Amino acid sequence: METFFFILFAVVAIFSGLMVILKKNPIASVMFLILALFATAALYVMLMAPFMAAIQIIVYAGAIMVLFLFVVMLLNLSKIQEGGVSALKIIGALVAGGIMVAIAVVVRSIAIPADSGFLRELPAEYGTVESIGRSMFITYLLPFEIASFLLLAAIIGAVVLAKKKLE
Amino acid sequence: MLETAITLAKIWGVLITLVGLAAIMTWVERKQSAVMQDRLGANRADVFGIRLIGLFQPMADGLKMFWKEDFIPPRGDKFLHTLAPILAFFPALVIFAVIPFGDVLRIGSLEIPLQIADLNVGYLFILAFGGLTIYGTVIAGWSSNNKFSLLGGLRAAAQMISYEVCVGLSLVGLIMVFGTLELDAIVRGQNELLFGFLPKWGIFVQPLGFLLFFPAVIAETKRVPFDLPEGESEIIGYYTEYSGMRFGLFYFAEFIEIIVMAALFGTLYFGGYNVPYLYAEGFRFPWGAEWNLPHLVVVFLQIGSFFIKMAFFCWLQVLIRWTLPRFRYDQLMKLCWTGILPLAVLNIILTGLVLMVV
């Protein structure tokens, strides 16, 4: 059952990921990206991380992709013109393919030791909102605050850039 | 096997109830508008001369929609134009999966929780799927290849993404008080008593939170006074190019959203299925009186209390829709970013302080 759902969502994720770059209509690309994010969220749920899945849908599928769609609609992009085959494209495809093969080889060669924790029984509260909150706000409070500070700086920077005139 | 069957039965029951209630809501909306405009309202539809105060009207509406021409704009996007109503309809229905409509029902040794899915991330699930309702609107606006539809879609995208922030933040206080995102646990927490007599309902512990949450949610449903994406007197809106049952799905989705949001108001701020002082064994009044009740009666009272609260908030939303005029666009954005948002943050700070002291 679990394998079946894993294969289902993995296939959907890869297929829609491919469609994002193969579709010529930008709106269709955006819609397929949403589907890809959805399938990934489903995989998170299967990995006992429902919080990650919910946040993924809220932040990416629910907010960021709406802004993508908004921009694409405002710019009113027409269909992308296809160029011919160039040397650069072939090199790009070779490099990307090589990296993919390299990753596959490395992942295959990793042997997980039985006592490493990956194969242990998960504690009952693994991946729940409570346990994530506790580690985020108690164990790793300082890195969390530093990251929020960075994000705050980025937000202020965006506001400053977007303002046409600064008094 | 039995568990799967029970879950499927619950899904089926909730689905049928929601769709049926949505049909009745169209009638409520017509009747309420008639009351507000001092006329008798929809009462022409009859079956063999029986009119039943216009209750046949929803059926006549449905029939009419099926018989209308199914039109797809020739220069629009055919696939997305078909997909949009489904995208609008589906998330509204799915949200109800995490709302508990009753406590555990015991039949013999069988325990049936009256909720489809008790998720650990409960409220986040609602936010996630509530956020997805935008796509139906925006895609409908874009795929119609019509200026006015596109304007409606753009307005909807800006409005809904702004108010999503407000919906999320205005509820944080409630989550802090009950210390959980699980809706069932929030409802259970609301059955406790404050100062020994007042039920610990969300409205009593988070009055400001409710005042902010309520308008933000109504803005998310895109109804008057927040109906700028539709704006029937100016741009007609994102579903201008929809006809027949495709339009019907948008129309239905709106009513299902009303019902689901009403259920949410009841669940989060008005004790959900709780009846004050009613516990699993019966009533336990704060002045010491007791009244034991059989289990089935308790469950029946709880489900009844849930539906009464839901019906009240459905009616309240319809009343608001026929009372207030539409906001101007800058007023709408101002209300969200300079009105609700700072107050929601203030509410979080105040709640935190109170929780620290208590």
Side-chain angles (χ1 to χ4, degrees), chain A residues 1 19 23-35 37-38 40-42 44-45 48-79 122-134 137 155 159, chain B residues 4 76-81 83-84 87 91 94 98 117-145 147 149-162 164-165 167-168 175-176 179-182 185 220 238:
Chain A
M1 199 67 171
M19 278 307 179
K23 278 273 172 186
K24 282 178 195 158
N25 182 345
I27 298 272
S29 289
V30 171
M31 294 313 285
F32 272 112
L33 190 50
I34 296 165
L35 189 59
L37 291 168
F38 233 93
T40 327
Y44 285 152
V45 172
M48 311 289 278
F51 182 71
M52 283 295 294
I55 292 295
Q56 157 116 342
I57 293 179
I58 293 172
V59 175
Y60 286 98
I64 291 183
M65 293 317 293
V66 175
L67 294 180
F68 270 46
L69 202 61
F70 195 80
V71 171
V72 171
M73 275 165 54
L74 267 186
L75 295 179
N76 203 13
L77 298 175
S78 47
K79 284 189 178 165
L122 292 172
E125 57 158 24
Y126 181 85
T128 58
V129 183
E130 289 85 356
S131 65
I132 288 174
R134 223 169 280 127
F137 291 111
I155 292 169
V159 171
Chain B
T4 319
D77 191 307
K78 211 176 203 173
F79 176 70
L80 289 177
H81 189 267
L83 186 70
L87 282 180
V94 167
V98 291
D118 186 13
L119 298 182
N120 177 259
V121 289
Y123 181 63
L124 294 181
F125 179 88
I126 293 175
L127 271 189
F129 280 90
L132 293 181
T133 48
I134 304 177
Y135 289 111
T137 318
V138 176
I139 291 294
W142 184 82
S143 64
S144 301
N145 198 21
K147 288 181 199 121
S149 297
L150 183 68
L151 273 178
L154 287 175
R155 282 182 180 189
Q159 172 182 336
M160 289 168 83
I161 212 143
S162 306
E164 221 169 86
V165 179
V167 170
I175 291 165
M176 285 162 77
T180 177
L181 289 171
E182 275 170 73
E220 280 282 290
Y238 55 94

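Naming: A, B, ... by sequence-line order, numbering from 1 per chain. Quick caveat: nothing in here was measured; it's all calculated off a predicted structure.
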Test side chain to side chain contact (heavy atoms under 4.5 Å, CB included) applied to B:Tyr135 and A:Val66, step by step: CA-CA 7 Å; B:Tyr135 289 111; A:Val66 175; 3.6 Å; yes
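- Using a 4.5 Å cut-off between heavy atoms, B:Phe129 touches chain A through its side chain atoms alone.
- Between the side chain of B:Asn120 and the main chain of A:Pro50, no donor-acceptor pair closer than 3.5 Å is present.
- Applying the side-chain contact (heavy atoms from CB on, under 4.5 Å) test between A:Ile27 and each of B:Ile139, B:Val138, B:Asp77 identifies B:Ile139 as the sole match.
- Put simply, of A:Val30, A:Ile55, A:Ile34, the one with the most heavy-atom pairs under 4.5 Å next to chain B is A:Ile34.
- Of the two parts of B:Leu80, only the side chain, counted from C-beta on, holds a non-hydrogen atom closer than 4.5 Å to a non-hydrogen atom of chain A.
- Only the side chain of A:Met31 comes within contact range of chain B, judged by heavy atoms closer than 4.5 Å.
- The shortest non-hydrogen separation linking A:Ile57 to B:Ala128 is CG2-CB, 3.6 Å.
- B:Met176 CE: more than 12 foreign heavy atoms inside a 6.0 Å radius.
- Taking CD1 of A:Ile58 as the start and CZ of B:Phe125 as the end, the distance is 11.0 Å to the nearest 0.5 Å.
- Across every non-hydrogen atom of B:Ala157 and A:Phe70, the tightest pair is CB-CD1, 3.6 Å.
- Residue B:Leu124 touches chain A through both its backbone and its side chain, counting heavy-atom pairs closer than 4.5 Å.
- When each of B:Leu83, B:Leu87, B:Leu154, B:Leu132 is scored by its heavy-atom pairs under 4.5 Å with chain A, the top score falls to B:Leu154.
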